[in-house]
Amino acid sequence: MAMKAVLLDRPGAPDTLRIGDIELPAPGPGEIRVRVHAASLNPADYKIMASGLPAWTYPHIPGLDGAGVVDAVGPGATRWAVGDRVYYHGDMTKRGALAEYALASAGASARIPDGVSFEDAASIPTAGLTAYQALHRKMRLREGQTLLVHAGAGGVGGFAVQYAASIGARVIATASAANHEYVRSLGAEAVVDYNVDSLRDSLMEWTNGEGVDAALNTVNRATAQADLELLAFGGQLACIAGAPENVADFKPSSKTFTVHKLMLGGAFGHPKAEAELGEMAEEFITMYVDRGFRSLVAETIPLEDAPAALMRLAGRRVRGKIVARLV
């Protein structure tokens, strides 16, 4: 039996993707097969596609984040039954969620509560769980603390701003001028236009010269390096797109700080870590409902439009999340 999918025949940019048919996958030990209802797009999708991974077989199917209904259960995946509504962050070494059916780790998957749409659930895994892991599990952000969030209008940034605001932390975020009102609506107290304003000057004025207690960097190594100077004494920096290169030589040497390097995909292949990923997914989506988080789904598209949408995403001018709807 064949299914429709977004296919990558060789490493390359999103404009090399095509829509085609491929054989329906069968779940292996510890896996579930999901009838995908929605799959969200992430920068990691097009970044990994550019060079591919050694473990891939072609044609490859991109897409890290999926949500749908369990269609088949592999050996040992006793936690799930056919018909369960689930969402998950996928293993980047395997075929992904931009297809009518996809395989997912039973341990890393989580149940979708009643009232949460498949589109909203699919928007969460990479962006929401990264923000949650950084702020809650790693930096243990607390009420009253100050937080810098880079790219507050993006997926990770948007969830980070909402989480921090929900626990009573104070947030300063970066965003283009067109997105300032939007980022404030998510809970940011101050927003800096990274195109024209001095982040350092604005942040130091906002913190009365102390620096921030925590920073979440989603941009690159260079800005992560610069963030070290923006931390308060004892501050923490969580990095997603590259850690600072010169932590050991950072001056002044009397300033103490902690750096966290995050990568959700590193959990796969380690059963305990996969289970923790599933636990985080259960915790976060419960919080998403209970605290009334705002949906970050900015646009829904048909599967056929995913290649073009990934090209737009690569231009780094997309607010919130783009989600492909399959059912």
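One is the number of the first residue; the rest follow in order along the sequence. Computed from a predicted structure; not experimentally measured. Every heavy atom of this structure was used, including side-chain atoms; hydrogens, water molecules and symmetry mates were not.
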Check: A106 main-chain N/O paired with W80 side-chain donor or acceptor under 3.5 Å: yes
Salt bridge or not for D84 and R111, using N-O below 4.0 Å? yes
Any side-chain heavy-atom pair from I32 and P27 closer than 4.5 angstrom? no
Is there a donor-acceptor contact under 3.5 Å from the side chain of R33 to the main chain of G74? no
Would you say V183 ends up clustered with L199 if hydrophobic residues are merged whenever their side chains have heavy atoms under 4.5 Å apart, either directly or through other cluster members? no
May I ask you to say whether R79 pairs ionically with E282, meaning some side-chain N is under 4.0 Å from a carboxylate O? yes
Check the side chains of S176 and N179 for a donor-acceptor pair under 3.5 angstrom, ignoring hydrogens and angles. yes
Per the salt bridge (Lys or Arg N to Asp or Glu O under 4.0 Å) rule, which among R312, K321, R319 passes with E299? R312
Would you say L141 and L231 are hydrophobically clustered, going by side-chain heavy atoms of ILVMFWY under 4.5 Å? no
Strictly distance-based, threshold 3.5 Å: is any side-chain N or O of H89 a donor or acceptor partner for the main-chain N or O of L264? no
Among side-chain atoms of E274 and S105, is any donor-acceptor pair under 3.5 angstrom? yes
Counting C-beta onward and ignoring hydrogens, is there a side-chain heavy-atom pair between S109 and Y87 closer than 4.5 Å? no
Main-chain N/O of E119 paired with R325 side-chain donor or acceptor, under 3.5 Å: no
Short side-chain to backbone donor-acceptor contact, R95 and P59, under 3.5 Å: yes
Under 4.5 Å between side-chain heavy atoms, counting indirect links through other Ile/Leu/Val/Met/Phe/Trp/Tyr residues: same cluster for V219 and L216 or not? no
So CZ of F257 and CG of L237: to nearest 0.5 Å the spacing works out to 8.5 Å
Given a cutoff of under 4.5 Å between side-chain heavy atoms of I, L, V, M, F, W and Y, with clusters grown through shared members, what are the other residues clustered with V297? V323
Looking at R291, I'd like to know if its CZ atom is crowded, meaning that more than 12 non-hydrogen atoms belonging to other residues, nucleotides or ligands lie closer than 6.0 Å. yes
Reported OG-to-CD distance for the pair S295 and Q162, which is rounded to 0.5 angstrom: 9.0 Å
Mind checking whether M1 and E23 have side chains closer than 4.5 Å, heavy atoms only? no
Quick one: does T130's side chain have a donor or acceptor within less than 3.5 Å of a partner on A127's backbone? no
Is the shortest side-chain heavy-atom distance between I301 and I322 below 4.5 Å? yes
Decide whether F159 and I285 are clustered together by the hydrophobic rule: side chain heavy atoms of Ile, Leu, Val, Met, Phe, Trp, Tyr closer than 4.5 Å, transitively. yes
CG (N217) and NZ (K261) are apart, to the nearest 0.5 Å, by 12.5 Å
Compare all side-chain heavy atoms of L8 with those of W56 and state whether any distance is below 4.5 angstrom. yes
Please report the interatomic distance CG(D305) to OG1(T300), rounded to the nearest 0.5 Å. 10.5 Å
Do any N or O atoms from the side chain of D65 and from the backbone of T126 form a donor-acceptor pair under 3.5 angstrom? yes
K272 bridged to E279 by N-O distance under 4.0 Å: no
Donor-acceptor check, side chain of D45 to backbone of N42, threshold 3.5 angstrom: yes or no? yes
Only one of K138, E283, R137 passes side chain to side chain donor-acceptor pair (under 3.5 Å) with Y132, and that residue is E283
Is any side-chain heavy atom of Q133 less than 4.5 Å from a side-chain heavy atom of M139? no
Is there side-chain contact between V289 and V116, with heavy atoms separated by less than 4.5 Å? yes
May I ask you to establish whether R170 and W206 are in a cation-pi arrangement, using a distance under 6.0 Å from NZ or CZ to the six-membered ring centre and at most 45° from the ring axis? yes
Single-linkage hydrophobic cluster I22~L103, side-chain heavy atoms < 4.5 angstrom: no
Under a 3.5 Å distance rule, please check whether S202 uses its side chain to pair with a backbone N or O of V192 as donor and acceptor. no
Check: D227/H150 side-chain N/O donor and acceptor closer than 3.5 Å: yes
Kindly indicate, with the supporting measurements, whether the criterion salt bridge (charged side-chain N to carboxylate O under 4.0 Å, His left out) is fulfilled by E31 and K94. CA-CA 12 Å; E31 291 181 330; K94 299 180 179 180; 3.3 Å; yes
May I ask you to test the Y101-K4 pair for a side-chain heavy-atom distance under 4.5 Å? no
